Amino acid sequence: MPVITNKLKLNGCYFDFHSNSNITKEVGILFLYNNGVFYSENTYYQTLEKGLKYYQDKNNNEEYKKQYPKEKSSWGLYRILNDSIILEKPEPFHGYPIHKLMGKILNDTIFIITSYEENNVKVKIENGSYFYFKQFDNKPDSINNFVK
């Protein structure tokens, strides 16, 4: 089902910062699509530029493009309800059938994930995880790779 919204921009990616120590911050990248699908590899990059270059290179390589459909745990579904966003995807590596992230849309370029749910247990994320928009034209293809 298409996500018809002006709540969030969809012509790029969203990124968040992840601290793996007190010194280093890494960047995670998430793609939202107007068909209600999202893509995130659960991989963190040293900088946003390095992460976007990774996707640019991957999307320009025919062998890499063939891998997208096989990455089942990287694809999920999201929905927007008023100013809330809910993202759900399988997390087979953690033994949970569905990993659900819940948050609030602050404006059309920023949302914050405030909690997650695993095994029907909701956990609040202290201080939240902020996702920021970045224009990016070379997104993985969700139509050919996830929605059949």
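As the structure is a computational prediction, the values presented were derived from the model and not from experiment.
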Beyond-backbone contact of Glu88 with His99, side-chain heavy atoms, under 4.5 angstrom
no
Test of ring centre spacing under 6.0 Å for Phe111 and Tyr14:
yes
Same hydrophobic cluster for Leu87 and Val121, using side-chain heavy-atom links shorter than 4.5 Å among ILVMFWY?
yes
If two hydrophobic side chains count as joined below 4.5 Å and joins carry through other members, does Met102 share a cluster with Val123?
no
To the nearest 0.5 Å, tell me how far Arg79 CZ sits from Ile86 CD1.
4.0 Å
Taking the inter-plane angle between the rings of Trp75 and Tyr33 on a 0 to 90° scale, is it parallel (under 30°), tilted (30 to 60°) or perpendicular (over 60°)?
tilted
Given the rule that I, L, V, M, F, W and Y join up when any side-chain heavy atoms are under 4.5 Å apart, are Tyr132 and Leu106 in one cluster?
yes
Let's go through Thr114 and Leu101 carefully: what are the C-alpha distance in whole Å and the side-chain angles of both, what is the deciding distance for side-chain contact (heavy atoms from CB on, under 4.5 Å) to 0.1 Å, and is it a yes or a no?
CA-CA 8 Å; Thr114 56; Leu101 301 171; over 6 Å; no
Point-to-point distance, once rounded to the nearest 0.5 Å, from CD1 of Ile98 to CG of Asn120:
11.0 Å
Quick one about Tyr39 and Glu41 (side-chain donor to acceptor, distance below 3.5 Å, no hydrogens or angles considered), yes or no?
yes
Pairwise side-chain contact, Gln135 with Asn11, heavy-atom cut-off 4.5 Å (strictly under):
yes
Between Ile110 and Tyr130, is any pair of side-chain heavy atoms under 4.5 Å apart?
yes
Taking atom CD of Glu26 and atom NZ of Lys50, what is their separation to the nearest 0.5 Å?
10.5 Å
Ile113 CD1 to Ile85 CD1 distance, which is reported to the nearest 0.5 Å:
6.0 Å
Does the gap between the ring centers of Phe131 and Phe133 come in under 6.0 Å?
no
Do Tyr55 and Phe136 have their ring centres less than 6.0 Å from each other?
no
Would you call Lys100 and Glu118 a salt bridge, using N to O less than 4.0 angstrom?
no
Cationic N near anionic O, under 4.0 Å, Lys7 to Asp108
no
dist Ser84:OG -> Ile105:CD1 (nearest 0.5 Å) comes out at 7.5 Å
Report the distance from atom CD1 of Ile29 to atom CG of Leu52, rounding to the nearest 0.5 Å.
4.5 Å
Around atom CD of Gln46, are there more than 12 heavy atoms of other residues, nucleotides or ligands at under 6.0 Å?
no
Lys124 and Ser115 have their tightest heavy-atom pair at CA-CB, 4.0 Å
For the residue pair Val27 and Asp16, establish whether any side-chain heavy-atom pair is separated by less than 4.5 Å.
no
Give a yes or no on whether Tyr54 and Leu48 share a hydrophobic cluster (residues Ile, Leu, Val, Met, Phe, Trp, Tyr; joining criterion: side-chain heavy atoms under 4.5 Å apart).
yes
